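Let me begin by presenting the structure, written as structure tokens, before commenting on it.
These figures come from a predicted structure and were not determined experimentally. The basis for the numbers below is simple: all heavy atoms, side chains too, and nothing from hydrogens, waters or symmetry mates.
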Amino acid sequence: MSKIAAVTLLALKWCLFTALGSPNLWASAALTGLFESHADVGIVLHPGSLEYDPAKGTYTVSGSGENIWSTADAFHFVWKKVTGDVSLAADVSFLSKGGNEHRKAVLMIRQSLEADSAYADVALHGNGLTALQYRDEKGAATHEIQTQETQPNIAAPKRFRIEKRGNFVYLFLGNGSKEPQYSGASIRVPLQGTYYVGIGVCSHDKDVVEKAAFANVDLEVDLAPVAKTTLYSTLERVTIASTVRHVVYVAPERFEAPNWTHDGSSFLFNRNGSIYRLPVSGGEPALIDTGFANRCNNDHGISPDQTSLAISDQSQGDNQSIVYIVPIKGGVPRRITQKSPSYWHGWSPDGKTLAFVGQRNDEFDIYTIPVTGGEETRLTTAKGLDDGPEYSPDGKYIYFNSERTGHMQIWRMRADGSEQEQVTVDDWNNWFPHISPDGAWMVFLSYEPDVKGHPENQDVMLRIMTLGDGKVSDGKVSDKSTSVLAKLFGGQGTINVPSWSPDNKGVAFVSYALVPDEHAGKK
């Protein structure tokens, strides 16, 4: 049903209600507006309620409940059953000041009314925080992508839109007269068959009831397939301890591969062949002068003393990638590798050596070369692609990914190329190992088992492994554990190069989204 049809049906029901008195059929519609019903989800001590004002078109929702989080929820939900794709927008505000700073007013898409159901919502918190929250399967833990930093022109968004297209959910934010814009937050949450869409309130205090108002509610169901999408790139940082993701910068274009500066102040990334610097707090990126090198790819990184930047550029000669060094603040590139293609990936902790991938005689292998230039040294000779070399913080090892076994996995070797040992052994295709500054963790990118290479626009995971002393036994690191840090739409460009924060607490990466163009495909 389209938006126009839904509004027309609601008006008809209201007319019949006023004309016929109060038959139950029409009373229900008049009391719930665009929605069908409302109920408490999960365990609540105080029943919630809904007050609908048909003249103003406003919904006042009261809700108790301990939280919408973890593996089970407790809140009051006003809902409509739908199938297909859907969009829900509203102006949202709490009706009282104070209260728990984590109380939530939400626009939600939910598989069922069970407390542990899969869901996604846009949650306005009592302290003003805005986040896309989600549980991507029944009984799983809840995660969130915080969007505070995404739109500097919208300090405190009041209008929200959540949109489901296929298996993906997108969050849009707006304020005042501004039409909601894509926030940079999206996530894959497969919802099957009939599911629920609606509004809700959680007090985040089981002994308290909170109220929130939802105005200018716009519910569009049975959305037609989109005719056109726009690629958006989002620079995010994820906190290791909590797995909370934070949107820092979003733009309707492709950019890639953030480095986190060693002083913790900035990110560097490549876009349209150039390198840009962005404050960690967000804002607008600033171009770094790389001289003639105007076709920089996503293989770049910062020297240990933070005075220089290694870049891989394809603007010269046969237009194949060559490794150069430029001053960190910009300047004339100095050529390092004489042979091409060569792709930088690692800098030794003492600053004297670069590790890179070179294609020589149709084989991709790991090489090292002095930072002053000169002869390159080949470290791997096994058949199959070797890529992504990165030094451990103590300089003893180089971690890399290799498909020498027929399956892309993480390996490591001594810095001189000896003692090559497999680190990960699983069914995923694992790429680009990045070691934390303290040597305790390794983050890497995992593709589905059937994906070849490292293409863009794929469902991928960032996974994290404990390293400890890094001992390897029987082809597997001993006493190690691996967990999922983030699931996202990405791949090529997501985390090709070192991107740990200097305090070991977070990692920067780029996610991508194919966002439906505004008004495209609506009936």
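There is a side-chain donor-acceptor pair under 3.5 Å between S321 and N297. With no hydrogens or angles considered, a side-chain donor-acceptor pair links D517 and T230 at under 3.5 Å. Neither side chain, N496 nor E256, offers a donor N or O lying under 3.5 Å from an acceptor on the other. A donor-acceptor contact closer than 3.5 angstrom is absent between the side chains of D299 and S312. In summary, the side chains of S265 and D263 do present a donor paired with an acceptor at a separation below 3.5 Å, with no hydrogens or angles considered. In this structure, a donor-acceptor pair under 3.5 Å is absent between the side chains of N429 and K452. In the model, Q409 has a side-chain atom that pairs as donor or acceptor with a side-chain atom of T424 under 3.5 Å.
Of all heavy-atom pairs between F489 and D459, the closest is CD1-OD1, 3.7 Å. In terms of heavy atoms, S340 sits closest to Q320 at OG-CB, 3.8 Å. Closest non-hydrogen pair, L485 versus I240, comes out as CD2-CD1, 3.6 Å. Scanning all heavy atoms of the two residues, the minimum distance from E284 to P279 falls at O-CD, 4.3 Å. Across K505 and S501, no two heavy atoms sit closer than the pair N-OG, 3.2 Å. For the pair Y447 and Q492, the tightest heavy-atom approach, listed with the atom from each and the gap, is OH-N, 3.2 Å.
Without hydrogens or angle criteria, R271 side chain to G273 main chain gives no donor-acceptor distance under 3.5 Å. When atom types are taken as modelled, the side chain of Q111 and the backbone of T194 share a donor-acceptor pair closer than 3.5 angstrom. In terms of modelled atom types and a separation under 3.5 Å, the side chain of N259 and the main chain of H300 share a donor-acceptor contact. The backbone N or O of I410 lies less than 3.5 Å from no partner atom in the side chain of N430, so there is not a single donor-acceptor pair. One N or O on the side chain of T380 and one on the backbone of I366 form a donor-acceptor pair closer than 3.5 Å.
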Test side-chain contact (heavy atoms from CB on, under 4.5 Å) applied to M408 and H454, step by step: CA-CA 10 Å; M408 188 62 76; H454 55 102; over 6 Å; no
Verdict with reasoning, I336 to W344, per side-chain contact (heavy atoms from CB on, under 4.5 Å): CA-CA 10 Å; I336 302 300; W344 179 90; over 6 Å; no
Verdict with supporting geometry, L445 and F509, side-chain contact (heavy atoms from CB on, under 4.5 Å): CA-CA 10 Å; L445 182 71; F509 63 95; over 6 Å; no
Verdict with reasoning, S308 to I328, per side-chain contact (heavy atoms from CB on, under 4.5 Å): CA-CA 4 Å; S308 301; I328 192 70; 5.8 Å; no
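Rounding to the nearest 0.5 Å places OG1 of T147 at 5.5 Å from CG of L171. Annotation: the span from E363 atom CD to K383 atom NZ amounts to 4.5 Å, rounded to 0.5 Å. Taking CZ of R295 as the start and OG of S274 as the end, the distance is 12.0 Å to the nearest 0.5 Å. Distance check: E236 CD to H246 NE2 gives 9.5 Å after rounding to the nearest 0.5 Å. H143 contributes atom NE2, which lies 10.0 Å from atom CZ of R135 (distance to the nearest 0.5 angstrom). Note that the CZ atom of F444 and the CE atom of M461 stand 8.0 Å from one another [nearest 0.5 Å].
Pairs of residues two or more places apart, or lying in two chains, that qualify as salt bridge (charged side-chain N to carboxylate O under 4.0 Å, His left out) and include a residue from residues 481-494 are D136-K487.
For Y399 and W411, the ring centers are positioned 6.0 Å apart or more. In summary, the aromatic rings of Y324 and F292 are positioned with their centroids under 6.0 Å apart.
Within 6.0 Å of atom NZ in K329, 12 or fewer heavy atoms from other residues, nucleotides or ligands are found, so the atom counts as exposed in its surroundings.
No side-chain heavy atom of F267 sits under 4.5 Å from any side-chain heavy atom of V510.
Classified by interplanar angle (parallel below 30°, tilted 30° to 60°, perpendicular above 60°), the ring pair F356/Y367 is parallel. The aromatic rings of F432 and H434 lie parallel to each other, their planes meeting at an angle below 30°, with 60° marking the opposite boundary. Y343 and F364 have tilted rings, their planes meeting at an angle from 30° to 60° on a 0 to 90° scale. Ring geometry for F269 against F255 counts as tilted: the plane angle lies between 30° and 60°, on a 0 to 90° scale.
With respect to the salt-bridge test (charged N to carboxylate O, under 4.0 angstrom), the residues D426 and R463 qualify. With respect to the salt-bridge test (charged N to carboxylate O, under 4.0 angstrom), the residues D73 and R110 qualify.
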